[in-house]
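Structure first, commentary second.
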Amino acid sequence: MEDHIIKGRGKKFPYNNRQLSWMDFNYRVMEEAFEKENPVMERVNFLAITASNLDEFMMVRVAGVIDQMEHGVKENDLSGLNPKQQYNKLSEKIHEFSEKQYSCLNHSILPVLKKHGIKFKKIKELSEKQRAFCDKYFDKVIFPVLTPMAVDPSRPFPLLLNKSLNLAIRLMNDEKETFFAVMQVPSVLPRFIELPKDEDNTRDFILLENIITSRLDELFELFRIKSYCPFRITRDSDLDIDEDTDDLLTEIEKSIKQRRRGKPIRLEISSKCDEQLRDFLIEMLGVDESEIYECRGPLDLTFLSKFGRIQGCENLCFKPIKPVSPCPDFYGYDDIFRAIREKDRFVHHPYESFDSVLQFVKEAAKDENVLAIKQTLYRVSGNSPIVAALIKAAENGKQVTVLVELKARFDEENNIHWARKLEKAGCHVVYGLSGLKTHCKICLVVRSEEDGIRRYLHMGTGNYNDITARFYTDMGLFTCKEEFGEDASSLFNVLTGYSIPPQYNKFIVAPHGMRNFFEDKIRNEIENAKNGLPSGITVKINSLVDPPIIKLLYEASKANVPVRLIVRGICCLIPGIEKTSENIVVHSIVGQLLEHSRMFRFENGGEPQMYLGSADWMQRNLDRRVELVFPVEDEDIHRRCDEILEIMWNDNVNTRIQLPNATYEMIGRRGKKAHNCQQEFAALAKKALKKKVAEDLANSSQSKSE
């Protein structure tokens, strides 16, 4: 059992270290890259995801631990580790993880690609035709954008971009004096290039840096090249924002620029780097040994995400899960508002098309009876149709209010861009509340109708992002019930003005009330169990970190409340501990799609309650963000959400179960039928739409016969 778990036992309750738990999650993603049953291009993509995940983790979480160390913080966290101990364990785990990434690439993925006729070649392996192609590509495309930079007393070591790929070069002149230079591998060019077919008719590729290093002599003609080494630095990229500023947008823009100059916290170098170049980079970048990662392959494996989607290899990928359109709940309706007036409507993405959400905003933008649209935006796509519809609405004279969260990590620049476009179009743009991120997902449409003003709502578990909606699993609820509409208006008044947070009719809103709500719900299940009433908690979230919630779940377990948790990522709760958490089971689903929806089911003494929303069980979601959780009251939708939870719980293809030592293992499937919840949801969506079409045809035939 790991030390950080044992030390956590010495506290009031078992608590797994958050950072180490996140690394365990990334290991689960890497297991998919090793999984032989997965198509090879999907394994390539999973490996790329682990690299992208690790980049962000280093830039924010590891950087945060280092910052604590530098500021002399010595207090232990709930797992019993102080920042120095956390860093040492993380460093060991990340170094081990990096080695496994390259073992996966070199020994598990590349040989399978080769069997399928796909190869990465080195310069010495090229045919004459391929070498001629590379020379021409270098002369015509690469050379014009290269910038070799000498490093000497008159030319200091340059400021290198965060996560950029570079070459360090050691040179010698005729007097045998040593000089150094660096050069960025141009990020404006493709990282991998397909070569002309050779006699064996395979698909051959070469990396951009390999073409460059084959021609280094021509870039440093006054010197002899003694050695070179690819390297890459990762910088501390957490923004330090003064929210008391008079201009938050300008303050964030300034902080984004500072991010590019953050302190290096990781140096990746080729394992073939010679000692002199290594010492040169250590001195210039000011890193220590624990921050150096020697890589036995190409640096920056994030390039594999594009490689995994090259044309012509579709047979080496998962069969795509294509959303059904229209969504079954909206089939047969030309007027989306009429559909919502008749009853609440539910959508399950990406199995059902995100077009229903787009249509909701687009119809509102052009409907002459719509008076106002209010919407929150946390992460949107680069060419967002949602934003385009909001701009169109403003141009059509609607009152449009948009809360754009400028502090959405690593999406700040994109959100600033959209905020300015929205303002230019005449929308009222709000940047959120000081000290809080606005993470709730809600769109309110105010419409004038014959019987008065009616408010239509969309509330979701995921972002208004048409791109991620294709591979993130999320849910949305449409309603025009008056109590929900009143709550939505009140919430936007809090977000845009100085309103005191109200007593909501239906909404559960953080940071005012959500923590108490969930804690009360768990306590209610404990009381019901003690009184012999039906009890149970089933929750699906992305992360479980919050100590008071975890402590209450342990109390629920001790009271014999069955607790089922589907937690994709970080889980600081430890299940299966005798007399503490033996009635808690934790599953993690990692599959073809990224599980993103949040669902909360409480047995409630035999009258089950279901809630959906944007919040995970983390301190930041409950105490430092504006989050929205809402009840599912429609019986049909409630039944459907119950079914969704059960299908996910019974998954035995994508699911790992957490053990009492905080490690994970695949659910045993011996002798059992395979249940892949994501494939089953896709099949259910198709079946539901097919049923709607058949009913429509039957009704149409009956009308004609009458």
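Any value given below was found using the heavy atoms of this structure, including those in side chains, with hydrogens, waters and symmetry copies removed. By convention here, the first residue in the shown sequence is residue 1.
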Under the 3.5 angstrom rule, does the side chain of [X] hit a backbone N or O of [Y] as a donor-acceptor pair?
X	Y	answer
Thr50	Leu47	yes
Asn463	Val380	no
Ser108	Leu105	no
Trp418	Ser381	yes
Asp77	Gly80	yes
Asn166	Val185	no
Arg235	Gly262	yes

Exercise for review: Step by step, work out the side-chain contact (heavy atoms from CB on, under 4.5 Å) result for Ile66 and Asp236.
Suggested key: CA-CA 9 Å; Ile66 292 172; Asp236 179 345; over 6 Å; no

To the nearest 0.5 Å, tell me how far [X] [atom1] sits from [Y] [atom2].
X	Y	atom1	atom2	result
Asp200	Lys119	CG	NZ	4.5 Å
Asn173	Lys176	CG	NZ	11.0 Å
Asn16	Ser21	CG	OG	5.0 Å
Glu56	Leu54	CD	CG	10.5 Å
Ile570	Leu573	CD1	CG	13.5 Å
Cys571	Gln658	SG	CD	4.5 Å

Do [X] and [Y] meet the criterion of a side-chain donor-acceptor pair at a distance under 3.5 Å?
X	Y	answer
Glu595	Thr473	yes
Ser227	Asp274	yes
Asn26	Asn53	yes

Applied to residues 138-149, the salt bridge (Lys or Arg N to Asp or Glu O under 4.0 Å) test, sequence neighbours excluded, yields Asp139-Arg215

Residues 36-50 vs salt bridge (Lys or Arg N to Asp or Glu O under 4.0 Å), sequence neighbours excluded, gives Glu42-Arg309

I'd like a table of donor-acceptor pairs (distance under 3.5 Å, sequence neighbours excluded) in which one partner is a side-chain atom from residues 125-134, with atom names and distances.
residue	atom	partner	partner atom	Å
Glu125	OE1	Lys122	N	2.8
Ser127	OG	Gln130	N	3.2
Ser127	OG	Asp198	OD2	3.4
Lys129	NZ	Lys197	O	2.9
Gln130	OE1	Lys121	NZ	3.1
Gln130	OE1	Ser127	N	3.3
Gln130	NE2	Pro196	O	3.0
Gln130	NE2	Asp204	OD2	2.9

When Phe280, Phe220, Phe223 are each screened for ring-ring contact (aromatic ring centres under 6.0 Å, His included) with Phe180, the one that passes is Phe280

Contacts of Pro547 meeting side-chain contact (heavy atoms from CB on, under 4.5 Å) (sequence neighbours excluded), chain-then-number -> Phe13, Tyr15, Leu78, Gln619

Residues passing the side-chain contact (heavy atoms from CB on, under 4.5 Å) test with Thr302, sequence neighbours excluded, are Ala51, Ser52, Asp55, Asp300

Describe, in one word, how the ring planes of [X] and [Y] are oriented to each other, choosing from parallel (under 30°), tilted (30 to 60°) and perpendicular (over 60°).
X	Y	result
Tyr378	His439	perpendicular
Phe46	Phe318	perpendicular
Phe120	Phe303	perpendicular

Flag side-chain contact, heavy atom, 4.5 Å: [X] against [Y]:
X	Y	value
Asp279	Glu275	yes
Thr202	Ile118	no
Leu160	Met284	no
Met666	Val653	no

Minimum heavy-atom separation for [X] and [Y], please, with both atom names.
X	Y	value
Lys74	Asn82	O-CB, 3.3 Å
Leu659	Ile574	O-CG2, 4.5 Å
Pro186	Ile212	CD-CD1, 3.8 Å

task = Under the side-chain contact (heavy atoms from CB on, under 4.5 Å) rule, what do Leu81 and Leu20 come out as? Steps first, then yes or no, please.
result = CA-CA 11 Å; Leu81 300 176; Leu20 295 169; 4.1 Å; yes

What verdict does the side-chain contact (heavy atoms from CB on, under 4.5 Å) test give for Gln592 and Ile321, after you've listed the backbone C-alpha separation in whole Å, the side-chain angles of each residue and the deciding distance to 0.1 Å? CA-CA 9 Å; Gln592 179 175 351; Ile321 291 176; 3.8 Å; yes

By ring-ring contact (aromatic ring centres under 6.0 Å, His included) - contacts of [X] (at least two apart):
X	answer
His116	none
Tyr293	His95
Tyr27	Phe97

### Message
One thing to verify: whether Glu268 and Arg266 come together as a salt bridge, which I'm taking to mean a side-chain N less than 4.0 angstrom from a carboxylate O.
### Response
yes

Margin query: One thing to verify: whether Asp24 and Arg656 come together as a salt bridge, which I'm taking to mean a side-chain N less than 4.0 angstrom from a carboxylate O.
Written below: no

With sequence neighbours left out, the residues meeting side chain to side chain donor-acceptor pair (under 3.5 Å) with Glu314 are none

Residue set satisfying side chain to side chain donor-acceptor pair (under 3.5 Å) with Gln86, at least two apart, ordered chain then number -> Asn17

Within 45 degrees of the ring normal and closer than 6.0 Å to the centroid, is that where the cationic atom of Arg170 sits relative to Tyr228? no

Practice prompt. For the pair Arg625 and Glu405, evaluate salt bridge (Lys or Arg N to Asp or Glu O under 4.0 Å) and give the outcome as yes or no after the intermediate values.
Written response: CA-CA 11 Å; Arg625 288 186 172 187; Glu405 181 47 75; over 6 Å; no

inquiry  = Between Arg568 and Asn542, is the side chain to side chain donor-acceptor pair (under 3.5 Å) condition met? List the steps.
reply    = CA-CA 5 Å; Arg568 186 194 79 224; Asn542 297 325; 3.1 Å; yes

With sequence neighbours left out, the residues meeting salt bridge (Lys or Arg N to Asp or Glu O under 4.0 Å) with Asp67 are none

Salt bridge (Lys or Arg N to Asp or Glu O under 4.0 Å) filter on Arg18, not counting sequence neighbours, yields none

Practice item. Test side-chain contact (heavy atoms from CB on, under 4.5 Å) on Leu304 and Asn45 and set out the steps. Key: CA-CA 6 Å; Leu304 291 171; Asn45 191 49; over 6 Å; no

